[in-house]
Amino acid sequence: MTRRVFLHIGAPKTGTTYLQDRLRLNSRSLAAHDVHFPSRNLTMDPPLFHFRAALDLMGQDWGGEPGHAEGSWDALVRRIKRLDGTIVVSHEILAAAHPAAIAKAKASLGRAGAELHVVYSARDLGRQIPAAWQESIKQGRTWSYRRFTKRIVKRNSWFSRAFDLPEVLTAWSEGLAPERVHVVTVPHTRGPALWERNCRVFGIDPAWAPKESEAHNASLGVAETAMLRRLNQQLDREPRQDNRFDVLVRRLLAEETLVQRRRSKPLLLPPHAQEWAELEAERWIDWIEGSRVHVAGDVADLRPAPRDPEAAWVNPDKVGSKPQLKAAMEALAAMTIEASRREDPQDTLAAKVRTRVRGLRDD
């Protein structure tokens, strides 16, 4: 049987969390149809395994204890060698991989007897840039929206490398036939279309994956994002290196409490960047049409929507204190409730001492 590996390399903020979670939830039913989303062992979720493999391939080490990713890429390749049929490997940080990492991935998968396909999900920059800045703030960044956008436009950041469709696919498609390079466009409307487009690329019948995923990265408003950025500054968070605050700040606040309130204006692309985003879309479409790679979806989805004259632009770098205070009070309430649920380390220590003293008395 042919061993086909679909290496889904991103981009970030294109529905990758949902895709990976749905593949995980349905891994057993998919395996019955020779479609595999491999894990290292029964106790590790595939998305975590793929994340560590991607880190190891790229020579990076963040998001956990030092050395936590070491050997993960080779472990993934060994796992692939034991499988037949369709194998899906997915992590969005692979989009910005350097040439040496790309060459290593192709060589090791080639030695594993795999027919390699590269899959890249692309979303228009009108939605992509606001979502990416917000995600960076959730992860601990403190840069302003102006600085973030400026670095994207000047192609001077990790995000700009990961989002530049022609640059990413020129690097990853080298040596591959056009029909083995796939672009999945993210539709402008919500619904099953994105999942169905991915299924077409992977050769999956949607009926093989009946379990729906609830995983998604919901958006914050401008006030909530501005408040979270200030909190990062106060905590002196170190993105990618320090995960002490991830559970409380990113999960509890950013992905639960603040998402639920979302009472402020949505984050939009800055007006001055609209024309640039439109020109970038045409550059992407020209590259796709010239390269003859396979497209699942419509290249028109890559064009940002025209600016809505009724949607007022709110600069998140200049949000007033009052709306931020409202968000901060809800964040403080959530933190207080969470703290009340947790075991007090001092009380725990005292209880241990009292137990030990009683034990000594009994002796």
Side-chain angles (χ1 to χ4, degrees), residues 3-28 30-31 35-121 139 158 161-162 168-169 171-176 180-182 184 198 201-202 215 239-241 243 246:
R3 181 180 296 126
R4 297 192 304 165
V5 173
F6 287 85
L7 191 58
H8 180 250
I9 61 173
K13 309 308 299 176
T14 58
T16 54
T17 299
Y18 173 88
L19 170 66
Q20 292 156 6
D21 193 56
R22 186 150 187 181
L23 291 171
R24 176 190 67 82
L25 287 170
N26 294 279
S27 58
R28 288 191 178 182
L30 287 168
V35 178
H36 307 281
F37 191 47
S39 183
R40 186 164 197 158
N41 51 50
L42 294 176
T43 62
M44 181 182 290
D45 279 345
L48 176 59
F49 183 32
H50 297 196
F51 171 53
R52 289 181 175 174
L55 285 175
D56 186 34
L57 175 70
M58 298 169 68
Q60 298 181 8
D61 190 18
W62 48 273
E65 294 296 323
H68 75 105
E70 187 175 347
S72 294
W73 178 258
D74 289 342
L76 175 61
V77 173
R78 288 195 298 270
R79 186 77 182 92
I80 288 170
K81 286 181 178 179
R82 295 196 292 269
L83 297 170
D84 286 316
T86 296
I87 299 137
V88 180
V89 175
S90 174
H91 206 279
E92 55 273 21
I93 66 170
L94 290 169
H98 291 291
I102 295 173
K104 179 181 176 180
K106 291 178 178 178
S108 56
L109 291 172
R111 290 193 296 270
E115 176 188 291
L116 176 62
H117 291 247
V118 170
V119 185
Y120 182 75
S121 305
Q139 293 176 357
W158 182 90
R161 294 197 306 275
V168 170
L169 289 183
W172 274 101
S173 66
E174 184 177 356
L176 296 178
R180 285 164 58 184
V181 180
H182 310 268
V184 180
N198 279 295
V201 169
F202 301 141
R240 300 189 178 185
Q241 299 299 327
N243 61 359
D246 277 4

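Note that the numbering runs from 1 along the sequence shown for the chain. Predicted model, so just to flag it, every value in this text is computed and none were measured.
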K.L.:
Which atom pair, heavy atoms only, marks the closest approach of Ala215 to Thr17?
P.N.:
CB-CG2, 3.9 Å

K.L.:
Judged by atom type as modelled, is there a donor-acceptor pair below 3.5 Å linking the side chain of Arg4 to the main-chain atoms of His117?
P.N.:
no

K.L.:
Look at the side chain of Asp61 and the backbone N and O of Gly67, then say whether any donor-acceptor pair between them is shorter than 3.5 Å.
P.N.:
yes

K.L.:
Let me confirm one number: the CG-OG distance from Leu76 to Ser108, rounded to the nearest 0.5 Å.
P.N.:
8.5 Å

K.L.:
Starting at OG1 of Thr86, measure out to NE2 of His36 and round the result to the nearest 0.5 Å.
P.N.:
8.0 Å

K.L.:
Fit a plane to each ring of Phe202 and Phe6, take the angle between them on a 0 to 90° scale, and name the class: parallel (under 30°), tilted (30 to 60°) or perpendicular (over 60°).
P.N.:
perpendicular

K.L.:
How far does CG of Asn26 sit from CG of Asp21, to the nearest 0.5 angstrom?
P.N.:
9.5 Å

K.L.:
Which atom names give the shortest non-hydrogen contact between Ala162 and Pro12, and what distance separates them?
P.N.:
CB-CD, 4.0 Å

K.L.:
Check whether Ser173 reaches the backbone of Leu169 with its side chain - one donor and one acceptor, N or O, closer than 3.5 Å.
P.N.:
yes

K.L.:
For Glu115, is the CD atom crowded, meaning more than 12 foreign heavy atoms sit under 6.0 Å from it?
P.N.:
yes

K.L.:
Using modelled atom types only, decide if a donor and an acceptor are shared between the side chain of Asp45 and the backbone of Leu48 within a distance under 3.5 Å.
P.N.:
no

K.L.:
Any idea which heavy atoms bring Ala11 and Tyr120 closest together, and the distance?
P.N.:
CB-OH, 3.5 Å

K.L.:
Please test Leu55 against His68 for side chain to side chain contact (heavy atoms under 4.5 Å, CB included), starting from the C-alpha separation and ending with a verdict.
P.N.:
CA-CA 10 Å; Leu55 285 175; His68 75 105; 3.8 Å; yes

K.L.:
Enter the distance from Leu176:CG to Leu116:CG here, rounded to the nearest 0.5 Å.
P.N.:
5.5 Å

K.L.:
Answer yes or no: is there a side-chain heavy-atom contact under 4.5 Å between Ser39 and Arg24?
P.N.:
no

K.L.:
Name the residue from Arg78, Arg82, Arg79 that meets the side chain to side chain contact (heavy atoms under 4.5 Å, CB included) definition with Pro38.
P.N.:
Arg79

K.L.:
With rounding to the nearest 0.5 Å, note down the distance linking CD1 in Ile102 to CE in Met58.
P.N.:
8.5 Å

K.L.:
Partners of His8 by ring pair (Phe, Tyr, Trp, His ring centres under 6.0 Å), sequence neighbours excluded?
P.N.:
none

K.L.:
Any side-chain heavy atom of Leu19 sitting closer than 4.5 Å to one from Val88?
P.N.:
no

K.L.:
Mind checking whether Leu57 and Leu94 have side chains closer than 4.5 Å, heavy atoms only?
P.N.:
yes

K.L.:
Which pair of heavy atoms, one from Ile93 and one from Trp158, lies closest together, and at what distance?
P.N.:
CA-CZ2, 3.7 Å

K.L.:
Checking Lys106 side chain against Trp172 main chain: does a donor-acceptor pair fall under 3.5 Å?
P.N.:
yes

K.L.:
Are any of the side-chain heavy atoms of Val119 and Ser90 separated by less than 4.5 Å?
P.N.:
no

K.L.:
Any side-chain heavy atom of Arg52 within less than 4.5 Å of one from Met44?
P.N.:
yes

K.L.:
Can you confirm whether Thr14 sits close enough to Glu92 that some side-chain heavy atom of one is under 4.5 Å from a side-chain heavy atom of the other?
P.N.:
no

K.L.:
Taking ring pair (Phe, Tyr, Trp, His ring centres under 6.0 Å) as the criterion, tell me which of Phe51, Phe37, Phe49 meets it with His91.
P.N.:
Phe51

K.L.:
Could you measure the distance from the CD1 atom of Ile87 to the CG atom of Leu7? Nearest 0.5 Å is fine.
P.N.:
11.5 Å

